[in-house]
Amino acid sequence: MTFESQKSSYTVVSTLFSGEANSCYVARLSDDMGGRSFTVIAVRDHDAIRMLMEAESKIINIANSQLVDAFSYGNDYVLVFPYRQGRPLGSFFVGEALTLSEIEEIGTNLLLACMTASLPYPVLYLLLDQGQINLSKDGGIYFSYIIDLSIMDLKRTERDCTVKCAQILRALLATKENEKNISYELISRKSDNNSYSSFTELYRDLRIAAMPVEKMSLWVRIKSFFSRNADTLFGILFWVCVILGIVALIILLSHVVWGNVPIIRLFVNTFKIIGTESLLQ
């Protein structure tokens with residue numbers, strides 16, 4: 001089988017996945033069968049095709065985009081990505097053999113891979129959810145593109161992808177749960193509260209928490225403290241505001257009912273007369 005675009009011709013070497021909505025293949029350029037390999041995704045689902053065609057011009061023109069080619073071929077819409085032999089994170093990650101800082105670096109690389117993937121969020125979510133995360137021998141992260149588009153939710157957003165990524169990071173960091181693991185504590189707490197809405201927020205938390213305390217500046221330590229305890233501090237601030245609001249309401253009602261504010265009289269003009277002498281004269 002061969003897929004032909006305006007600029008290249010891709011000959012299928014093997015089938016990676018075949019489903020109702022799409023199929024995935026390994027292919028090579030027809031005139032270079034001994035050269036580079038590509039992952040070719042042939043999409044049949046009309047909703048998926050519509051979304052991908054709308055995103056195509058944005059993706060393919062981005063300098064660091066992994067998308068090599070995109071074109072219509074018969075009734076299919078074809079996406080072409082580089083092909084690399086898979087090293088699934090779940091199979092090659094051995095937390096017991098790594099230090100906490102090495103795991104945090106892998107987590108940082110995962111976030112950077114997500115932030116620079118330049119893919120529609122519904123597709124990126126599938127990569128994360130369907131285990132298309134690979135760990136290179138040097139700790140780098142790269143994606144495979146062997147995905148089943150039949151379960152793609154077109155309403156997925158950056159928030160959904162960030163929450164999924166936080167869950168993956170939490171599982172990685174859990175292997176060092178018994179150590180002084182600030183990053184695990186912070187990401188776990190904020191994940192439980194569904195606090196993450198963007199990759200940059202999650203990246204910031206991981207980098208600040210991973211930074212050695214002795215190397216932190218005072219300002220960074222203050223930001224780290226507020227980031228770790230944001231929920232508690234906002235809770236306290238909320239109740240302080242409620243109490244102040246109640247006090248203000250009581251003062252207002254006192255003024256309406258009695259024409260003045262008895263509470264304030266405790267602090268204003270407290271001493272008007274000493275003995276038989278008036279201080280107001």
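- With rounding to the nearest 0.5 Å, the separation of OG in Ser144 from CD in Gln130 is 11.5 Å.
- Between Leu169 atom CG and Ser183 atom OG the span is 9.0 Å, to the nearest 0.5 Å.
- Using a distance-only test at 3.5 Å, with no hydrogens or angles considered, a donor-acceptor pair links the side chain of Arg87 to the main chain of Leu135.
- Among Ile187, Ile103, Leu98, the one residue that satisfies the side-chain contact (heavy atoms from CB on, under 4.5 Å) test with Leu172 is Ile103.
- Note that CG of Leu128 is 6.0 Å distant from SG of Cys161, once rounded to the nearest 0.5 Å.
- Note: Tyr73 and Phe3 have perpendicular aromatic rings, judged against thresholds of 30 and 60 degrees for the angle between ring planes.
- How far OG1 of Thr116 is from CD of Gln66: 8.0 Å, rounded to the nearest 0.5 Å.
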message = Evaluate Val123 against Met152 for side-chain contact (heavy atoms from CB on, under 4.5 Å), listing each step before the verdict.
response = CA-CA 7 Å; Val123 176; Met152 181 169 63; 4.0 Å; yes
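- One N or O on the side chain of Ser30 and one on the backbone of Ser9 form a donor-acceptor pair closer than 3.5 Å.
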query = Step by step, would you call Leu119 with Phe81 a side-chain contact (heavy atoms from CB on, under 4.5 Å)?
reply = CA-CA 12 Å; Leu119 291 170; Phe81 295 93; 4.0 Å; yes
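- Between the side chain of Lys176 and the main chain of Gly95, a donor-acceptor pair closer than 3.5 Å is present.
- With respect to Arg189 and Asp192, no salt bridge is recorded, no charged nitrogen being found less than 4.0 Å from a carboxylate O.
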request  = Please assess Ser23 against Thr15 for the test side-chain contact (heavy atoms from CB on, under 4.5 Å), listing each intermediate value before the final yes or no.
outcome  = CA-CA 8 Å; Ser23 296; Thr15 300; 5.7 Å; no
task = Assess whether side-chain contact (heavy atoms from CB on, under 4.5 Å) is satisfied between Ile147 and Phe17, documenting all intermediate values.
result = CA-CA 8 Å; Ile147 52 178; Phe17 168 80; over 6 Å; no
message = Evaluate Ser195 against Asn193 for side-chain hydrogen bond (donor to acceptor under 3.5 Å, both in side chains), listing each step before the verdict.
response = CA-CA 5 Å; Ser195 298; Asn193 294 329; 4.6 Å; no
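- Note that the CD1 atom of Ile246 and the SG atom of Cys241 stand 11.5 Å from one another [nearest 0.5 Å].
- Taking CD from Glu20 and CG from Asp45, the interatomic distance works out to 8.0 Å, rounded to the nearest 0.5 Å.
- Ring geometry, Phe199 versus Tyr121: the interplanar angle falls from 30° to 60°, so the pair is classed tilted.
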key: Criterion side-chain hydrogen bond (donor to acceptor under 3.5 Å, both in side chains) on Asn134 and Ser136, from CA distance to verdict   = CA-CA 6 Å; Asn134 296 276; Ser136 63; over 6 Å; no
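- Under the 3.5 Å distance criterion, the side-chain polar atoms of Arg44 are matched with a main-chain donor or acceptor of Gly19.
- Arg159 places a side-chain N or O within 3.5 Å of a backbone atom of Asn194 that can act as its donor or acceptor partner.
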